[in-house]
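Please read the structure below before turning to the comments.
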Amino acid sequence: MSLSISPDEMLVAEQTEYAAERADEQTRSASRFARLSKATFVGGVALTVVLFAIGGWQRRWIADDGLIVLRTVRNLLAGNGPVFNEGERVETNTSTAWTYLVWFFSWLTQARLEYVVLGVALTVSLAAVVFAMLGSARLWGGTGAGLLLPAGVLVYIALPPARDYVTSGLESGLVICWIGLLWWQLVRWSQAKSVRLPGLLGLVFLAGLAPLIRPEMTMVGALALLLIFCAPMPESRVRPIVLRAAIVAVAGLVPLGYQIWRMGYYGLPYPNTAVAKDAGGAKWGQGFTYLWDLVGPYFLWAPLVVLLVAGVLAARTRAGRSAAADRDEARRWSVGRFRQRLRSPGAVVALVLFSGFLLTVYALRVGGDFMHGRMLLPQLFLLVLPVAVLPIRAPRGGVRAATPADWPLAVLAVAWIGVVGWAVFAADTTAIKTGTKITSTGIVDERVYYVLNTGHDHPILAEDYLDYPRIRAMVNDIANNPNGGLLLNSPSFMFWYIAPPPQPIPDGGAGHTVYFLNLGMTSMNVPLDVPVLDPMGLAYPLAAHTDRLADGRIGHDKSLYPDWVVVDTGMVDKKPWMPWYLDEKWVTQARTAMSCPDTQALMISYRDPLTFERFRHNLRNALRFAKYRIDRVPKYEIQRCGLVDPFPQPLAPR
């Protein structure tokens with residue numbers, strides 16, 4: 001018996017075999033593309049980290065403000081507590097977490113502090129871009145979403161100020177590292193099919209660290225916690241109200257505990273730097289000047305606009321729902337659906353963009369900073385997080401099979417090429433060309449300023465700053481005057497005036513005190529038993545609590561007259577022993593002004609031995625101390641406090 005197959009059956013069999021072969025080929029092609037996408041992403045992360053590391057290392061340095069941190073770390077290691085000057089409880093570092101992070105690795109490695117802070121700053125800066133790219137890749141659907149090419153991170157690392165603060169010794173790297181890690185974990189939380197309780201509590205603990213990372217980061221942390229708190233709780237035997245209570249407790253445990261300790265220990269509700277710089281003040285005009293100082297020279301607005309368009313297009317091409325479905329869901333809006341939407345990638349994207357906007361407004365309000373770009377770097381980092389990488393898919397069937405409907409893919413590719421081109425341009429752009437000259441804006445390229453003033457391409461060690469004007473002379477004057485005294489800087493940049501201590505001089509001398517604006521380079525080149533005070537008030541509350549100068553340089557707009565310091569340190573206040581430019585009358589009035597009861601209470605709060613009663617008193621009065629202000633002119637301070645002027649003005653004749 002013979003079997004015959006009809007032509008139609010043969011055609012069907014051939015078509016089935018062809019379809020199977022085609023499916024196998026598509027599967028193999030998809031597998032190859034997935035491997036290519038993964039390799040591209042990993043390679044992009046590695047390339048970005050290497051470029052950022054090279055750029056940061058080429059500009060390696062430690063700023064004077066970075067050395068300020070190390071003075072506190074020295075005191076911690078010496079057992080004097082988290083203070084700048086021994087015997088005075090003053091918090092001179094804005095980032096609490098940065099101080100203790102550097103202290104921990106210094107204690108662990110026992111290495112030289114400058115090298116420790118250099119290594120830690122470099123590490124957290126590089127980790128920041130890795131976290132940013134991991135979060136962005138997850139946002140777009142992972143390596144299956146197409147080629148994930150570095151985009152927003154290139155904008156960030158291309159900016160010279162971003163590379164300047166990779167190793168500056170300041171908390172800039174820690175701030176963006178915390179932001180990047182929070183972003184990555186929030187995206188994971190928003191996409192998880194089921195949220196586990198340990199992971200949720202870890203996330204809220206991370207968000208709760210915001211005020212310790214840097215006070216203004218509280219805006220970011222608070223918004224993240226609010227988003228998590230209002231979103232649906234994970235399925236658990238524990239009731240939602242209990243879970244929310246646990247979220248509040250875990251998030252607030254460390255910051256609230258430290259806040260209570262800070263208020264009792266330092267007598268302030270925030271770091272003394274916030275008092276010295278009047279962080280609640282407003283200088284909008286200077287703020288916009290500061291913004292344009294960063295945006296203008298690099299044409300930073302251009303890549304941000306391109307990335308905005310690219311991000312919107314990428315989101316639209318990835319969306320699986322039709323506009324009609326969206327409109328239908330909008331008609332069925334309810335509180336429950338809104339809460340469900342809170343745990344979504346879109347809500348997390350809105351969170352970081354809104355946080356970046358809020359922080360930018362805050363920076364504009366306070367007038368920015370005197371360091372080029374520094375105070376706007378976290379904002380920029382937040383704004384580019386969603387597009388840290390861009391997903392670029394190949395058209396179905398390959399490039400040759402592209403149709404007009406694939407135009408968004410072409411736009412994304414062109415946008416990415418444009419961002420890369422801008423990054424090459426910006427990386428080689430010099431925004432501030434004045435060197436050591438400070439213009440009327442008060443903004444300088446801080447790294448270049450110290451490179452030129454010290455003569456070192458990479459000023460890292462404290463002794464590198466001995467070549468900064470006055471610093472070597474300071475060290476020599478301390479050594480040449482064993483009796484002690486108050487060192488006051490001279491306008492010549494070459495020597496110091498010394499106000500001597502009164503007789504009799506005790507054995508070993510009466511001790512030295514240095515009064516100078518640059519706290520880092522001075523304090524790191526003298527022993528811990530030499531107090532270093534500054535006229536701006538970062539380490540000197542008496543100066544910090546003066547009023548802000550209306551036309552002062554941003555970040556340096558307080559300046560306490562040295563007459564106060566002569567009285568405060570107990571030095572000779574008579575001519576000819578007192579420096580020639582000081583006025584005996586002003587010094588006498590300063591002594592009277594310092595007797596003001598409220599001023600005495602302020603000074604006692606951080607100088608008296610720390611007892612339980614002192615801690616409790618500081619805790620109760622921290623807010624009052626924070627608001628207290630004095631007049632830097634002794635005569636006017638006498639009038640403000642209602643004291644008797646030792647040199648009253650004679651009555652004018654009638």
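For the salt bridge (Lys or Arg N to Asp or Glu O under 4.0 Å) with D278, the lone residue among K283, R629, R548 that qualifies is R629. Among D64, V532, I68, the single residue meeting the side-chain contact (heavy atoms from CB on, under 4.5 Å) criterion with M521 is D64. Each of L76, N75, L70 was checked for a side-chain contact (heavy atoms from CB on, under 4.5 Å) with W103, and the lone residue meeting it is L76.
With hydrogens and angles ignored, the 3.5 Å screen pairs a side-chain donor or acceptor of K575 with a backbone N or O of L582. Without hydrogens or angle criteria, T454 side chain to D464 main chain gives no donor-acceptor distance under 3.5 Å. Side chain of T167 to main chain of W61: a donor-acceptor pair is present (N/O by atom type, distance under 3.5 Å, no hydrogens or angles). For W496 (side chain) and A473 (main-chain N/O), no donor-acceptor pair under 3.5 Å exists by modelled atom type. With hydrogens and angles ignored, the 3.5 Å screen pairs no side-chain donor or acceptor of R591 with any backbone N or O of V567. Of the possible donor and acceptor atoms, none in the side chain of D631 sits under 3.5 Å from a partner among the backbone N and O of E637. Listed for the Q379 side chain is a donor-acceptor partner under 3.5 Å among the backbone atoms of L359. For the pair R89 (side chain) and S605 (backbone), a donor-acceptor distance under 3.5 Å is present. The backbone N or O of N483 sits nowhere less than 3.5 Å from a side-chain atom of N481 that would complete a donor-acceptor pair. In this structure, the side chain of Y290 engages the main chain of M375 through a donor-acceptor pair within 3.5 Å.
For the pair L77 and S106, the tightest heavy-atom approach, listed with the atom from each and the gap, is CD1-CB, 4.1 Å. Listed here is the closest heavy atom pair of I471 and T522: CD1-CG2, 3.8 Å. The minimum heavy-atom distance between K635 and F647, with the atom names listed, is NZ-O, 3.9 Å. Heavy-atom minimum distance, W98 versus G169: NE1-O, 2.9 Å. Across all their heavy atoms, P269 and L623 have their closest contact at CG-CD2, 3.8 Å. Between P297 and A431, the shortest heavy-atom distance links the atoms CB-CB, 3.6 Å.
Inter-residue side-chain proximity for M536 and L517 is flagged as met; some heavy-atom pair is nearer than 4.5 Å. Side-chain contact between I179 and P378 is present, with heavy atoms from C-beta onward closer than 4.5 Å. Using a 4.5 Å cut-off on side-chain heavy atoms (C-beta onward), Q589 and D583 make no contact. The side-chain heavy atoms of T592 and D645, taken from C-beta on, include no pair separated by under 4.5 Å. Within the 4.5 Å cutoff, the side chain of P541 has heavy atoms near those of the V90 side chain. The shortest distance between side-chain heavy atoms of T99 and P82 does not fall below 4.5 Å. Counting heavy atoms from C-beta outward, R632 and K558 have side chains that stay 4.5 Å or more apart. By the 4.5 Å heavy-atom criterion applied to side chains, N453 and P459 are not counted as neighbours.
Few gaps surround CZ on F495; more than 12 heavy atoms of other groups in view lie less than 6.0 Å from it. Heavy atoms from other residues, nucleotides or ligands lying under 6.0 Å from CH2 of W284 number more than 12. No more than 12 heavy atoms of other residues, nucleotides or ligands lie within 6.0 Å of OH in Y636, so this atom counts as exposed by the packing criterion.
The CD1 atom of I478 lies 5.0 Å from the CE atom of M474; values are rounded to the nearest 0.5 Å. With values rounded to the nearest 0.5 angstrom, L610 atom CG is found 11.0 Å from Y266 atom OH. Separating the CE atom in M371 from the CD1 atom in I554 is a distance of 12.5 Å, to the nearest 0.5 Å. Taken to the nearest 0.5 Å, the CG atom of L364 stands 6.5 Å off from the OG1 atom of T360. Interatomic distance, W178 CH2 to R214 CZ, rounded to the nearest 0.5 Å: 13.0 Å. One distance of note links CG of L487 with CD1 of I498; it measures 4.5 Å at 0.5 Å rounding.
At a cut-off of 3.5 Å, with distance as the only test, a side-chain donor of Y628 or T599 sits close to an acceptor on the other residue. When only modelled atom types and interatomic distance are considered, N272 and Y606 share no side-chain donor-acceptor pair under 3.5 Å. Inspection of the N525 and Y468 side chains reveals no N or O donor paired with an N or O acceptor under 3.5 Å.
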How far apart are the C-alpha atoms of V69 and V117, what are their side-chain angles, what is the distance that settles it, and do they pass the side-chain contact (heavy atoms from CB on, under 4.5 Å) test?
CA-CA 9 Å; V69 176; V117 76; 5.7 Å; no

- Item | side-chain contact (heavy atoms from CB on, under 4.5 Å) between V526 and H512, worked out | CA-CA 10 Å; V526 298; H512 299 86; over 6 Å; no

- Item | Evaluation steps, side-chain contact (heavy atoms from CB on, under 4.5 Å), between L542 and I630 | CA-CA 8 Å; L542 197 62; I630 65 175; 3.9 Å; yes

inquiry  = Using side chain to side chain donor-acceptor pair (under 3.5 Å), reason through R71 and N85 one step at a time and then give a plain yes or no.
reply    = CA-CA 8 Å; R71 168 79 168 200; N85 291 315; 3.1 Å; yes

* Determine, step by step, whether F84 and D534 satisfy the side-chain contact (heavy atoms from CB on, under 4.5 Å) criterion, reporting the C-alpha distance in whole Å, the side-chain angles of both residues, the deciding distance to 0.1 Å, and the verdict. => CA-CA 12 Å; F84 189 81; D534 65 309; over 6 Å; no

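W261 and Y265 have parallel rings, their planes meeting at less than 30° on a 0 to 90° scale where 60° marks the start of perpendicular. Between Y540 and Y515, the ring-plane angle classifies as perpendicular under the 30° and 60° cut-offs.
Looking at D547 and R640, no side-chain N of the basic residue comes within less than 4.0 Å of a carboxylate O on the acidic one, giving no salt bridge. Salt bridge annotation for E216-R365: absent, with no cationic side-chain nitrogen under 4.0 angstrom from a carboxylate oxygen. The pair D164-R374 does not meet the salt-bridge criterion, since no charged nitrogen lies less than 4.0 angstrom from a carboxylate oxygen.
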